[in-house]
Every structure is written in structure tokens, then in C-alpha cells.
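Small disclaimer: the values here were computed from a predicted structure and weren't measured. Residues: numbered from 1 along the sequence shown.
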Amino acid sequence: ATSFGVLAASKSSRTLSVFSITPAKNRLLWSYHATEIIRNPTFNLASKRIAFGSDLGDFFVADVNSGALLLEEDLGSSCAFTFLPSDILIVASWMGRVTAFEPGVSASGAGSYAEKWSTVVRSTGGDPGEEPRQDLMKNLLDPETNTPTAHLNVSNAVATPPTNNLLTTAGAIIYME
């Protein structure tokens, strides 16, 4: 609940709308129209902010009451995010970029966010306990037949390599662990 009562967010494709819900009156506070489908609107009522992303990788933080954008960042791909209790915002994009945004106050006195740190998470293709492998394509090929190999961890049962499967005629071997 805020000074406007209970807040509700509604998204319809490219539009995010924030409403004030009170026993006496419900009203639209503001709407934002994005260039692409909006994803995961998330309130942080302690700081009166809402974060949301888009399919194009645009990421936004807005003031809940006014709709003023406090952060607009192009992450290059769709993202997942969360507010920490300290109001620091952790954002992870599908391309591996993980960024922490810290709340602050702009020169005009309005709230804002600034990048605190950023890193790119990349797989080295190694298994736990092994030296990292840099050549991922090489690791996807069976060393004896030079054909694609899939390693699926789908259970905790003892693995028994299949002696015959639908892909063996195509030169592929599937091992299930």
C-alpha cells in the first residue's frame, strides 16, 4: 500500500499500466508504451519503484507514483532481475551480462540508478573438477567418431550407455547419466 492505496500493474503486450486501487476509487496512475513486448513488471514498494524489461533487451526502472523513468538500459537481450533489500538491483541478461545498479539521487533531486558493477558470465565448457575447456565445439564431438555427442543429466540412476538408439545410424551417440 502507498499513499495511493494498493497498487496494481497490468501489461498488455507493449503497454504497462499502473493503477491505484482504493475502496472509494480505482484510477490509472500512468502508462508506459514500449517498442517491444514488456516482461516481468516487479514492484519494490519500499522504494516506490517498479522494474520491467522487454523482449528486445530494454530494461527500465520507474517511479511507481509518477511513472518517471529512473533507469533505461539496453542490455541486448531479455533479462531477469530482482531488488535486493538494500534497493540494489541485480539484472542478468540472456547473453550473460550480470549488472548491479545502485539507487541514488540525480542532480535534479529525482531518484536514479547508476551501474555499481557489471560482469559477463561465460561457460568454459569444462566439467566440475576438470580444467576449463575453451574449444566448446571440440567438446561437443565424440573423440573417436568426430560426431556430435549429447550428455544429458536427467536422473541420479547409474548411467549405462545405450547400445542402440535412433541416432546411431546417423553417427551420434547419446549417453545418459
Should [X] and [Y] count as side-chain neighbours, where that means a heavy-atom distance under 4.5 Å?
X   : Y    : value
R49 : D87  : yes
D55 : R39  : yes
N65 : W30  : no
I50 : L7   : no
L71 : S112 : no

- Message: Please check: side-chain N/O of T42 versus main-chain N/O of N40, any donor-acceptor pairing under 3.5 Å?
- Response: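 Looks like yes, one N/O pair under 3.5 Å.
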- Message: If I take atom OG from residue S86 and atom CD from residue E102, how far apart are they, to the nearest 0.5 angstrom?
- Response: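 Those atoms lie 8.0 Å apart.
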- First locate atom CE of M95, then atom CG of L75, and finally report the distance between them rounded to the nearest 0.5 Å.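 Atom-to-atom, M95:CE and L75:CG are 11.5 Å apart.
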Which atom of [X] lies closest to which atom of [Y], heavy atoms considered:
X   : Y    : value
A9  : P41  : CB-CB, 4.5 Å
V61 : Y113 : CG1-CE1, 3.6 Å
D74 : R97  : O-NH1, 3.8 Å
D58 : T35  : OD2-OG1, 3.8 Å

Would you give me the side-chain donor-acceptor pairs under 3.5 Å for residues 10-17, sequence neighbours excluded?
residue: K11; atom: NZ; partner: I38; partner atom: O; Å: 3.2
residue: T15; atom: OG1; partner: H33; partner atom: ND1; Å: 3.0
residue: S17; atom: OG; partner: S31; partner atom: OG; Å: 2.9

- Query: So N44 and L89, side-chain contact (heavy atoms from CB on, under 4.5 Å) or not? Walk me through it.
  - Reply: CA-CA 10 Å; N44 182 354; L89 189 56; over 6 Å; no
- Does anything in residues 62-104 pair up under ring-ring contact (aromatic ring centres under 6.0 Å, His included), and if so which pairs, sequence neighbours excluded?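 Passing the test, one end in residues 62-104: F59-F81.
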- Do F43 and F52 sit in the same hydrophobic cluster, where Ile, Leu, Val, Met, Phe, Trp and Tyr count as joined when their side-chain heavy atoms come under 4.5 Å apart?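 Yes, it is one cluster - the side chains of F43 and F52 are joined through contacts under 4.5 Å.
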- Query: Are V120 and V91 in one and the same hydrophobic cluster, where Ile, Leu, Val, Met, Phe, Trp and Tyr link if side-chain heavy atoms are under 4.5 Å apart?
  - Reply: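 As far as the 4.5 Å side-chain criterion goes, V91 and V120 are not connected within one cluster.
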- Report the C-alpha distance between F19 and V6 in whole Å, list the side-chain angles of each, state the deciding distance to 0.1 Å, and finish with yes or no for side-chain contact (heavy atoms from CB on, under 4.5 Å). CA-CA 8 Å; F19 297 88; V6 175; over 6 Å; no
